[in-house]
2 protein chains.
Amino acid sequence: MVQPELCPRFEQAVGMLSRRWNALIIFSLLGESQRFCTMTESIGISNRLLSERLKELEKDGIVTRNVYPETPVRIEYSLTEKGRALAPVMLEIQKWSEEWLPVQDTAAEDEQESPVR
Amino acid sequence: MVQPELCPRFEQAVGMLSRRWNALIIFSLLGESQRFCTMTESIGISNRLLSERLKELEKDGIVTRNVYPETPVRIEYSLTEKGRALAPVMLEIQKWSEEWLPVQDTAAEDEQESPVR
DNA sequence: CCCTCTCAGTTACGAATTGTAACCATCATA
DNA sequence: TATGATGGTTACAATTCGTAACTGAGAGGG
């Protein structure tokens with residue numbers, strides 16, 4: 001709540017991107033538009049938060065909600081131009097992660113060559 | 001929590017960068033090493049959280065804690081090579097924010113026109 | 001010896017955010 | 001009328017955050 005000394009717009013951007021799940025939501029929409037239930041599965045976010053985040057991101061002009069009145073109703077979320085403009089940010093995060101983070105698997109799946117038991 | 005299908009390393013990177021304050025902490029260390037009290041002031045973070053975050057970031061190999069036993073003791077935090085490698089990410093966030101976020105002052109004006117279209 | 005000052009944190013605790021699971025509304029078909 | 005799919009809401013417990021007060025080490029003053 002204190003006055004920020006850094007660039008206010010940078011802080012605003014970071015505030016949005018740092019909101020939990022937002023970066024993953026945006027990343028998953030970079031490829032193609034997605035439906036609600038697809039996103040909850042691929043991202044691993046709950047309905048409640050996905051709904052909340054999408055509303056916020058729509059309000060921020062980053063995602064668009066497209067309703068197709070088929071049956072059952074199909075609703076697809078996609079990025080606006082402002083949202084797609086975040087692609088370079090995501091790309092740099094990806095590059096960094098590939099260069100600096102270990103491949104580490106989350107265990108419990110293949111523990112073949114590990115002598116530890 | 002379900003394990004998502006996106007790239008695990010990307011998700012790990014995003015998890016770290018999305019932790020509240022982390023991006024601002026890293027950004028503020030990109031210039032030069034900083035002392036604890038300087039950071040709380042420039043970032044606007046509380047002692048408690050700064051302390052917590054710096055410990056986590058140190059553990060992640062992103063920041064280093066340097067103790068100078070002067071009087072009173074001086075402790076400076078700086079980025080490791082892994083931490084400095086995040087500079088391009090920060091730069092892209094900054095570029096995006098400058099292109100897409102209004103110059104906003106305290107929440108009064110909402111109806112700015114988009115800069116580039 | 002006791003008090004005070006600075007820096008660098010810790011601790012305590014109420015407030016806000018998140019995760020989990022159950023529930024709701026609409027449309028369509030059986 | 002019942003059931004199933006989609007796209008959410010609601011309720012509530014668990015986690016995290018923000019605020020403010022406190023601790024500890026070392027130097028110096030009285």
Side-chain angles (χ1 to χ4, degrees), chain A residues 1-6 11-12 14-26 28-29 32-60 63-79 106, chain B residues 1-6 11-12 14-26 28-29 32-60 62-78 107:
Chain A
M1 304 314 131
V2 194
Q3 73 304 322
E5 296 293 334
L6 311 167
E11 291 198 43
Q12 209 191 328
V14 159
M16 184 276 289
L17 285 169
S18 288
R19 211 90 197 279
R20 190 150 206 193
W21 301 111
N22 275 2
L24 285 183
I25 290 171
I26 292 165
S28 80
L29 289 175
E32 55 185 348
S33 58
Q34 306 247 335
R35 355 187 12 170
F36 192 87
C37 63
T38 310
M39 298 182 78
T40 59
E41 284 162 23
S42 70
I43 299 178
I45 185 180
S46 69
N47 306 359
R48 192 179 81 69
L49 284 188
L50 180 57
S51 174
E52 196 175 299
R53 288 298 176 271
L54 286 172
K55 275 181 202 158
E56 293 165 1
L57 289 172
E58 198 184 352
K59 215 164 157 186
D60 288 345
V63 312
T64 313
R65 184 177 189 267
N66 311 103
V67 181
Y68 302 91
E70 305 169 353
T71 172
V73 67
R74 181 165 56 99
I75 293 174
E76 291 200 345
Y77 291 91
S78 56
L79 291 178
T106 28
Chain B
M1 198 188 290
V2 190
Q3 200 57 292
E5 297 298 332
L6 309 168
E11 290 196 43
Q12 209 190 329
V14 159
M16 182 277 290
L17 285 169
S18 286
R19 212 91 197 282
R20 190 152 205 192
W21 300 111
N22 275 2
L24 286 182
I25 290 171
I26 291 164
S28 80
L29 289 175
E32 55 185 349
S33 58
Q34 305 247 335
R35 346 185 22 167
F36 192 87
C37 64
T38 310
M39 297 181 78
T40 60
E41 285 161 21
S42 71
I43 300 178
I45 186 180
S46 69
N47 305 359
R48 191 178 82 69
L49 284 188
L50 181 56
S51 174
E52 195 174 299
R53 288 299 176 270
L54 286 173
K55 275 183 201 155
E56 293 165 0
L57 290 173
E58 199 184 352
K59 215 163 156 185
D60 289 344
I62 289 168
V63 312
T64 313
R65 184 177 187 267
N66 311 102
V67 182
Y68 302 91
E70 305 170 352
T71 173
V73 64
R74 180 165 56 100
I75 292 172
E76 291 199 346
Y77 291 91
S78 55

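Letters A, B, ... are given to chains in the order of the sequence lines, protein chains preceding strands, and every chain is numbered from 1.
The side chain to side chain donor-acceptor pair (under 3.5 Å) search around N66(B) returns S78(B), not counting sequence neighbours. A search for side chain to side chain contact (heavy atoms under 4.5 Å, CB included) contacts involving R74(B) returns R35(B), Y68(B), E70(B), E76(B), not counting sequence neighbours. Under the side chain to side chain donor-acceptor pair (under 3.5 Å) criterion, E52(B) pairs with R48(B), sequence neighbours left out.
Remark: P72(A), V73(A), R74(A), I75(A), Y77(A) in residues 71-79 of chain A come within less than 4.0 Å of DNA chain D through at least one heavy atom. Within residues 45-59 of chain A, the residues approached by DNA chain D to less than 4.0 Å at the level of any non-hydrogen atom are N47(A), R48(A), S51(A), K55(A), in residue-number order.
A straight line from CZ of F36(B) to P of dT23(D) spans 18 Å, rounded to a whole angstrom. Rounded to an integer number of Å, the gap from Q34(B) CD to dA8(C) P is 12 Å. Nucleotide dA5(D) holds its P atom 13 Å from the CZ atom of R35(A), rounded to whole Å. E41(A) places its CD atom 12 Å from the C1' atom of dT6(D), with the value rounded to the nearest Å.
Between I25(A) and I45(A), the shortest heavy-atom contact is CD1-CD1, 4.4 Å.
Checking side-chain atoms of R65(A) against main-chain N and O of K55(A) turns up no donor-acceptor pair under 3.5 Å. With hydrogens and angles ignored, the 3.5 Å screen pairs no side-chain donor or acceptor of S51(A) with any backbone N or O of N47(A).
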Exercise for the section: Please assess V67(A) against I75(A) for the test side chain to side chain contact (heavy atoms under 4.5 Å, CB included), listing each intermediate value before the final yes or no. Expected result: CA-CA 5 Å; V67(A) 181; I75(A) 293 174; 4.3 Å; yes
Handout entry: Intermediate values then yes/no, side chain to side chain contact (heavy atoms under 4.5 Å, CB included), I26(A) and M16(A)
Key = CA-CA 11 Å; I26(A) 292 165; M16(A) 184 276 289; 4.1 Å; yes
Exercise for the section: Begin with the C-alpha distance, continue with both residues' side-chain angles, and end with the deciding distance and a verdict on side chain to side chain contact (heavy atoms under 4.5 Å, CB included) for L54(B) and F36(B). Expected result: CA-CA 9 Å; L54(B) 286 173; F36(B) 192 87; 4.1 Å; yes
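Minimum atom distance to the side chain of W21(A) is reached by dG19(C), of the listed dG7(D), dG19(C), dG18(D).
Going from atom CG of D60(A) over to atom CD of Q12(A) covers 8.0 Å, rounded to the nearest 0.5 Å.
An OP1 or OP2 oxygen of dT17(C) is reached within less than 4.0 angstrom by no side-chain nitrogen or oxygen of R20(B). Side-chain nitrogen and oxygen atoms of R65(A) include at least one within less than 4.0 Å of the OP1 or OP2 phosphate oxygen of dG8(D).
In the helix from dC1(C)-dG30(D) to dA30(C)-dT1(D), the rotation axis of the first five pairs and that of the last five pairs differ in direction by 30°, rounded to 10 degrees.
The residues E56(A) and K59(A) are annotated as not salt-bridged, no charged nitrogen and carboxylate oxygen being separated by less than 4.0 angstrom.
Nearest-nucleotide assignment on DNA chain C puts the 5′-proximal partner with C37(B), out of R19(A) and C37(B).
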